[in-house]
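Comments concern the structure below.
Computed from a predicted model, the values in this text were never measured in an experiment. First the proteins, then the strands, lettered A, B, ... as listed; each starts at 1. All values below were derived from every heavy atom in this structure, side-chain atoms included, with hydrogens, water molecules and symmetry-related copies excluded.
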Amino acid sequence: MRDESKALLHPVQRLCARRGMTCGTSPRTRRTGADVYVLLMQAAALLPAVYMFILSGYPALAARRNVFAFLFEAGLSALPRAEVRLLACLYRGTARETFLHMAMLIAALLFGLIAGRLLHGYGPQAERNARLTRIAFAVLIAADLLVRLQPFVLQVHFGAAAAVIGFAVRAVCLLLVLADLSA
Amino acid sequence: MQQTRFSMNAFLLVAVIFSAISYFFTIFLTQMADRTPVNAYAQVEGTDLGVLYSNLKPSGLYEGGEQTGTCRVEGIFGYDWGSAAEGTSLYLNEYRTSDFGLLFCDVVRIDTETFAKEVVLEDTVLRGRCASGELVCIRGALMPADQPETDPLCTLYSSASPGLRSRGGEQVPEVCFLDPENMEVLYSAEDPDALTDLFGERYLERTLQEIREDVG
């Protein structure tokens, strides 16, 4: 009998295989372009949270430019302009960084939950609804890219590097969603 | 055994819970544990009113003296960077502090008869009067102590404030001269050194006409 355990690389996988368990042998999950877009947006929302989390315990971090501040700017630049505008208004209205932090993370969590549900279809015409959702996402991302090219009230004037990164991330997201639509 | 795979949603949920717990310890408990007594009182010239900043009793505008006075308007007001009384209107700076210690300032008008408070200029610092009597304010820039040049939170705050301006991350302070009767802007000029110690001799010790001629 062929020893299946030796075909697996990790010692834990071999141990589980000997005991008849399937731990660590999860099948590869196929992620669509839209799924990757949702992951990118959630990761972008986490970057500013890292800076704010460290700043809460180490206020001197704000005294000089550092990599965490750059991550903050890059993360916010990658998020949709309308969301950043709303976060800025929330911050200015409340002057509470904790509210800003929680709003950012909860918005990313809700986006992941709702988008995950919509992108994989719902209702009796699941495939059609999923395709319509992808089209709506593509239109919104394209509109966001157009806004970034204009001197507009929705602009947030972070550094040029962060603006370029944000534009590139959004452009990649648009390509991912369009690739899904053409598949 | 159940198979598990990485879920960003679960990670975010953990981050939210962990952040809430962390902020409770770093911000809320720190503020509660700070028992350093603070009590500063300053009389507003020519009035029976005074500005109290204290953590022993509510901060605000008091009438009748520090010890026995009555708090008429609660709030964190400033007097050292400028205040002005014009008829029944008292102009003061009102400060707002954020969780991380950033300080924001608005110019407020308080009616000394009804003690109604009105925000007249947001994100603006009142510095006092110039030699010819006009109110002098600085707008368009956050305070240097907030580290606006290096802290991206200031940039985010500024983007939502019509009174704050920045060009490529650099603040552009603007000095404004206002008519104290109607708060109409009579004259304004950009000055990168507005938040330095040169402000007094440049603007407060000279008349508006002299400043106009000097700036051209």
Side-chain angles (χ1 to χ4, degrees), chain A residues 16 21-27 29 38-39 42-43 45-46 48-49 51-53 55-57 59 61-66 69-70 72-73 76 84-102 105-106 108-109 112-113 116 153-160 162, chain B residues 1-20 22-28 30 95-106 122-123 144-171:
Chain A
C16 293
M21 295 158 60
T22 56
C23 174
T25 57
S26 56
T29 305
V38 174
L39 275 177
Q42 291 181 313
L46 278 170
Y51 173 79
M52 295 172 66
F53 178 71
L55 188 65
S56 67
L61 188 72
R64 60 188 183 277
R65 296 293 297 175
N66 53 76
F70 179 74
F72 180 96
E73 296 180 357
L76 279 185
V84 175
R85 180 67 177 178
L86 285 174
L87 290 172
C89 291
L90 173 69
Y91 183 36
R92 183 168 181 276
T94 60
R96 302 283 299 267
E97 288 85 354
T98 49
F99 284 11
L100 174 67
H101 183 113
M102 293 303 168
L105 293 183
I106 291 172
L109 177 61
L113 291 171
V153 67
L154 289 180
Q155 299 289 17
V156 180
H157 299 285
F158 292 126
Chain B
M1 180 180 290
Q2 286 283 343
Q3 292 186 3
T4 58
R5 64 184 180 92
F6 172 74
S7 167
M8 185 62 112
N9 294 334
F11 182 76
L12 280 169
L13 183 62
V14 169
V16 169
I17 296 170
F18 185 74
S19 298
S22 171
Y23 281 143
F24 175 78
F25 284 101
T26 58
I27 294 175
F28 183 67
T30 303
Y95 298 111
R96 292 174 286 122
T97 56
S98 73
D99 292 332
F100 287 6
L102 296 182
L103 195 66
F104 307 116
C105 179
D106 300 324
E122 292 180 326
D123 296 310
D146 290 341
Q147 314 281 0
E149 307 297 332
T150 54
D151 189 356
L153 281 170
C154 294
T155 307
L156 184 66
Y157 182 92
S158 301
S159 68
S161 173
L164 296 173
R165 303 179 300 168
S166 65
R167 294 188 192 127
E170 297 291 326
Q171 292 201 112

Determine, for A/E73 against A/R65, whether the closest basic-nitrogen to carboxylate-oxygen distance falls under 4.0 angstrom.
-> yes

Just by modelled atom types, is the B/S158 backbone N or O under 3.5 Å from a matching donor or acceptor in the B/S161 side chain?
-> no

Any side-chain heavy-atom pair from B/F11 and A/Q42 closer than 4.5 angstrom?
-> no

Which one, A/G112, A/A63, A/A45, leads in non-hydrogen pairs under 4.5 Å with chain B?
-> A/A63

Chain B contact via A/F72 - which portion, at a heavy-atom distance below 4.5 Å = side chain

Greatest number of heavy atom pairs closer than 4.5 Å to chain B - which of A/A108, A/A49, A/A88, A/P48 = A/A88

Could you look at B/A10 and say if it's the side chain, the backbone, both or neither that has a heavy atom under 4.5 Å from chain A?
-> neither

Against chain B, label A/L76 side chain, backbone, both or neither, depending on which of its atoms sit under 4.5 Å from a heavy atom there.
-> side chain

At a heavy-atom separation under 4.5 Å, does A/R64 approach chain B through its side chain, its backbone, both, or neither?
-> backbone

Does any non-hydrogen side-chain atom of A/V38 lie less than 4.5 Å from one of B/M8?
-> no

What part of B/F100 lies closer than 4.5 angstrom to a heavy atom of chain A: side chain, backbone, both or neither?
-> both

Measure A/Y51 against the heavy atoms of chain B and call it side chain, backbone, both or neither at under 4.5 Å.
-> side chain

Among B/I27, B/T97, B/L13, B/L153, which has the most heavy-atom pairs under 4.5 Å with chain A?
-> B/L153

Can you sort out the partners of A/R96 under salt bridge (charged side-chain N to carboxylate O under 4.0 Å, His left out), two or more places apart, ordered by chain and number?
-> B/D99

Taking the side chain as C-beta and beyond, is there a heavy-atom pair between B/L12 and A/I106 under 4.5 Å?
-> no

Any side-chain heavy atom of B/D146 within less than 4.5 Å of one from B/D151?
-> no

Under a 4.5 Å cut-off applied to non-hydrogen side-chain atoms, are A/T94 and A/L100 in contact?
-> no

Honestly, the part of A/L90 sitting under 4.5 Å from a heavy atom of chain B is neither

Who wins among B/S98, B/A160, B/P152, B/S19 for the most heavy-atom pairs under 4.5 Å with chain A?
-> B/P152

What part of B/F104 gets closer than 4.5 Å to chain A, counting heavy atoms only: side chain, backbone, both or neither?
-> side chain

